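Worksheet: the structure to be examined is printed underneath.
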Amino acid sequence: MKTVSVNTPSKTYPVEIGQGLLEQAGHKICQLHCKNVMVVTDSHVAPLYGQKVLDCLKAAGLEVSQFVFPAGEGSKCAETLLALLNEMAACHFTRSDAVVALGGGVVGDLAGLAASLYMRGMKLVQLPTTLLSAVDSSVGGKTAIDLPAGKNLVGTFYQPDLVLCDIDTLTSLPAAEIANGQAEVIKYAFLKDASILELLHERASLEDMIARCVAIKRDVVCADERESGLRQLLNFGHTFAHSIEQNSGYTIPHGSAVAVGMVLITRAAVKKGLCDASCLKTLLQVLDECHLPVSTEYSPDALFATVLSDKKRAADSITLVVPRKIGLCELQKVSLEDARTFLQLGMTGESV
Ligand SMILES: NC(=O)c1ccc[n+]([C@@H]2O[C@H](COP(=O)([O-])OP(=O)(O)OC[C@H]3O[C@@H](n4cnc5c(N)ncnc54)[C@H](O)[C@@H]3O)[C@@H](O)[C@H]2O)c1
Ligand SMILES: [Zn+2]
């Protein structure tokens, strides 16, 4: 087992990564001094791991309730959030009780938001069961639901008290969900540590790979918990990815969109002389090995139109995350016109 300690200005907590951690969740959660716990999970994860978690929490002497909602991004909405909050009130939860998020990023974001809102904040434990939630969404404290007007428009910064990542749960993930998470792993490799790429397909290195990604996210989040600067680095590939997702009406999975987004910004960086062509070559190769896409059918104009509606953009500029080499990216605040140029350079021609 590996432990990454996260020390943000608002909270310090451990992220434990290893095998058999669901079975140990009971006594580890008891150490948070709570009495009642609400296990929040979705309709795919509940039949796989719900009972195991309920049993071990009960065996540890905790009072346990369960809230299950239909799997999928569509459930990350105000209706599910309110239903969960009402359920907690019906069970007489107090601020010292805990929400346990068992599932992927959808469960984690929704349960995290509920934990931050109920009585202005209760305890929160993340039990991530997708590769994406293991390396990304369960750590760092961003919570959210979607509005009809857009994704993640309502949310809070609220760090968990404990994250237990049981890598045994990843064995039941469909291949497409593994690829989704691998796109984020590749993102971390490009941000800080090229050697992570060597671990991508090594089952024996899964624990190590997740721990190294979490440590990178930890370092960035601890330096900038509320995304006023450095934390934007985690958006490598994401600005253009969000446009691709939006253009597809969210039918293209996030990981696939991020894969293409990383290719576009890296190809543009190569053409602008900001990074070496070998960087793009490696990126295309690793994405291909993970069966992730490397190009998009949308036009630069269609994508740029949605870049303009990016919630992270300022009035007349946008911050792009530009690769300089594998393991080093930098923030570049550019005018909207320059952002359009980046996009066009990234899309024109498959070669460099
Ligand atoms: N808070 C953050 O910092 C942050 C970061 C990145 C993404 N996100 C959010 O995370 C969400 C995406 O997360 P995700 O990719 O984990 O999606 P998800 O939670 O929808 O999970 C993907 C699918 O896998 C299923 N599943 C989960 N665990 C499983 C398992 N062990 N075995 C079999 N099936 C399993 C789920 O039921 C779902 O159908 C998005 O809503 C995104 O906005 C948040
Ligand atoms: Zn992402």
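The model shown is predicted, which means the values in this text are computed figures rather than measured ones. In listed order, ligands and their atoms are each counted from 1.
- For Thr143, no nitrogen or oxygen atom sits less than 3.5 Å from a nitrogen or oxygen atom of ligand 1, counting backbone and side chain alike.
- Among the atoms of Glu184, an N, O or S atom is found under 2.8 Å from the Zn ion (ligand 2).
- Under the 4.5 Å side-chain criterion, counting only non-hydrogen atoms from C-beta, Lys325 is not in contact with Asp276.
- Looking at atom 17 (O) of ligand 1, its nearest protein heavy atom turns out to be Gly105 N, 4.1 Å.
- Taking distance alone, with nitrogen or oxygen atoms compared against 3.5 Å, Val106 approaches ligand 1 more closely than that limit.
- For the 3.5 Å distance criterion, the side chains of Ser195 and Asp193 qualify, holding a donor opposite an acceptor.
- Residue Leu173 touches ligand 1 through backbone and side chain together, judged by heavy-atom distances below 4.0 Å.
- Using a 30° and 60° split on the angle between ring planes, Phe67 and Phe69 fall in the tilted class, from 30° to 60°.
- Residue Gln126 places every heavy atom at 4.0 Å or more from ligand 1.
- Residues Ser10 and Glu225 bring a donor and an acceptor atom of their side chains to less than 3.5 Å of each other.
- Residue Pro174 has no N or O atom closer than 3.5 Å to an N or O atom of ligand 1.
- Residue contacts with ligand 1: Ser133 is placed with no nitrogen or oxygen under 3.5 Å of a nitrogen or oxygen of the ligand (distance criterion only).
- Of the listed residues (Asn235, Leu320, Val321, Val322), just one forms a side-chain contact (heavy atoms from CB on, under 4.5 Å) with Leu331, and that residue is Val321.
- If you check which protein heavy atom lies closest to atom 6 (C) of ligand 1, you get Asp136 OD2, 3.5 Å.
- Proximity to Glu73 (heavy-atom distance under 4.0 Å) selects the following atoms of ligand 1: 40 (C), 41 (O).
- Interface of Tyr49 with ligand 1, defined as ligand atoms under 4.0 Å from a residue heavy atom, comprises 31 (N).
- Regarding atom 12 (C) of ligand 1, its nearest protein heavy-atom neighbour is Leu132 CD2, 3.9 Å.
- Formation of a donor-acceptor pair under 3.5 Å by the Thr282 side chain with backbone atoms of Ser278 is found in this model.
- Residue Ser172 approaches ligand 1 through these ligand atoms, each under 4.0 Å from one of its heavy atoms: 30 (C), 31 (N), 32 (N), 33 (C).
- Taking all heavy atoms of His254, Lys76, Lys142, Glu184 into account, the minimum distance to atom 42 (C) of ligand 1 is reached by Lys76.
- Of all protein heavy atoms, the one lying nearest to atom 28 (N) of ligand 1 is Thr129 OG1, 2.7 Å.
- Put simply, the side chain of Leu132 reaches to within 4.5 Å of the side chain of His254, judged on heavy atoms.
- Exactly one of Leu284, Leu280, Leu274 qualifies for a side-chain contact (heavy atoms from CB on, under 4.5 Å) with Thr266. That residue is Leu280.
- Geometrically, Lys272 engages Phe342 in a cation-pi contact, judged by NZ or CZ lying under 6.0 Å from the ring centre and within 45° of the ring axis.
- Relative orientation of the Phe190 and Phe236 rings is parallel, given thresholds of 30° and 60° on the angle between their planes.
- Within ligand 1, the atoms closer than 4.0 Å to a non-hydrogen atom of Lys217 are 3 (O), numbered from 1 in the order shown.
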